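Structure, as structure tokens:
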Amino acid sequence: MPPIPDSASVETQIRAFAADLRAAASPRDAQTIRDKYLGRKNSIVASWMQSIASAPPDQKKKIGQAANDLKQAIEALWADYQASAAAEAPSAGAVDVTLPGRMPPLGHRHPLTIVRERMEAIFTRMGFAIVEGPEIEDEWHCFDALNMPADHPARDMQDTLYLATPVKGETGRPDDFRTMLRTHTSSIQIRYMQAHQPPIRIVAPGRVYRRDDLDLTHTPMFSQMEGLVVGPAVSLADLKGTLVAFARDMFSATSRVRFRPSFFPYTEPSAEVDISCWQCDGTGCAMCKQSGWLEVGGCGMVHPAVFEAVGYDAERDTGFAFGIGIERVAILRHQVQDIRLFFENDLRFLEQFPY
Ligand code: DAH
């Protein structure tokens, strides 16, 4: 005959249940513990209930009372346990505030913007103002005023993207000029001189368009930075000094500049601008194809015909101009193998310029 449960045994069982539950390793574990005390079969409460049948009549009520007390106490503890377990466990879709935070990816400027702003900063420090002009241009600003006559090869349909609907030129001249996407930023020189008198010291960055097929070094859209300085006795030495200062700031403190004689209708004399290879300092390497020099643009002394086109006095005014390829500078500065990378927007490329 098992001992007859009394209020002391109720207390003992409650304490045992609470201790077991605290030690439960998992919700499933806890369920097993609860069933051990409260389950329909073979549990402590069930066995106490069963013992009523065989108990002496004067004990039946006391056993029933004890079994009931234990049942209620365990049910209460179990309800508490479940409530706190539910509060602790993250429900599906809920935010788990204990997880470490995930940084949203930080955006940054495009490499060409970074290089353009760096170039702007260098020229601003030298006293240049930054100006802009329209990307849709008329032939007069882009060609005629720049001393490029009607039969100039650059005006060919093969090279220039003309707009289907000609818009009347803004020159006020009676003859109408075709409109086009500007092929170079040199058109901004003309617009600026039409609106301002010397002295002038400007750089004009912008996109330009040409009918080129895509390859390693060509895209139908690219960017240039035009420079124009007009004043009394502006010399070729001033031009070279300006470009040397730019190269030393942009590339290397030991950069040198070389002028290669060239031809542009709007400058005389004209030159291609090479900078000494900053990688090998001019001794020859893979980047400069062993030549020691890297080409960055064109330049020259403003042609008198250009001054005349904008109504300046070609006897009085002197000036120099240059045009630098922004992609070209970016390619050389950051050793980019393919110009197309700048326009494909592949984050694996763009993320390498996080400044
Ligand atoms: N416009 C020329 C080009 O598109 C670059 C250039 C050459 C600009 C000489 C100039 C210059 O201002 O003087 O390639």
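This one's a predicted model, so the numbers in the text were calculated from it and none came from an experiment. Order of appearance sets the numbers: ligands from 1, and atoms from 1 within every ligand.
- Under the 6.0 Å cut-off for aromatic ring centres, F143 and H152 do not qualify, their centroids lying 6.0 Å or more apart.
- Between H184 and Y266, the ring planes are perpendicular. Angles over 60° get that label, and only those under 30° would be called parallel.
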Below 3.5 Å only, please: the N or O atoms of ligand 1 paired with protein N or O atoms, distance on each line.
residue: ligand 1; atom: 1 (N); partner: H184; partner atom: ND1; Å: 3.1
residue: ligand 1; atom: 1 (N); partner: S186; partner atom: OG; Å: 3.1
residue: ligand 1; atom: 1 (N); partner: Y266; partner atom: OH; Å: 2.8
residue: ligand 1; atom: 4 (O); partner: R210; partner atom: NH2; Å: 2.8
residue: ligand 1; atom: 4 (O); partner: Q224; partner atom: NE2; Å: 3.0
residue: ligand 1; atom: 12 (O); partner: Q189; partner atom: NE2; Å: 3.1
residue: ligand 1; atom: 12 (O); partner: E226; partner atom: OE2; Å: 2.6
residue: ligand 1; atom: 12 (O); partner: F322; partner atom: N; Å: 3.4
residue: ligand 1; atom: 12 (O); partner: F322; partner atom: O; Å: 3.4
residue: ligand 1; atom: 13 (O); partner: A321; partner atom: O; Å: 3.3

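- Under the 6.0 Å distance and 45° angle rule, R260 does not count as a cation-pi partner of W293.
- Between the side chains of E327 and S223, at least one donor N or O sits under 3.5 Å from an acceptor N or O.
- Residues T32 and D35 have side chains that never bring a donor and an acceptor to within less than 3.5 angstrom of each other.
- A cation-pi arrangement, defined by a distance under 6.0 Å to the six-membered ring centre and an angle within 45 degrees of its axis, is absent between R178 and W140.
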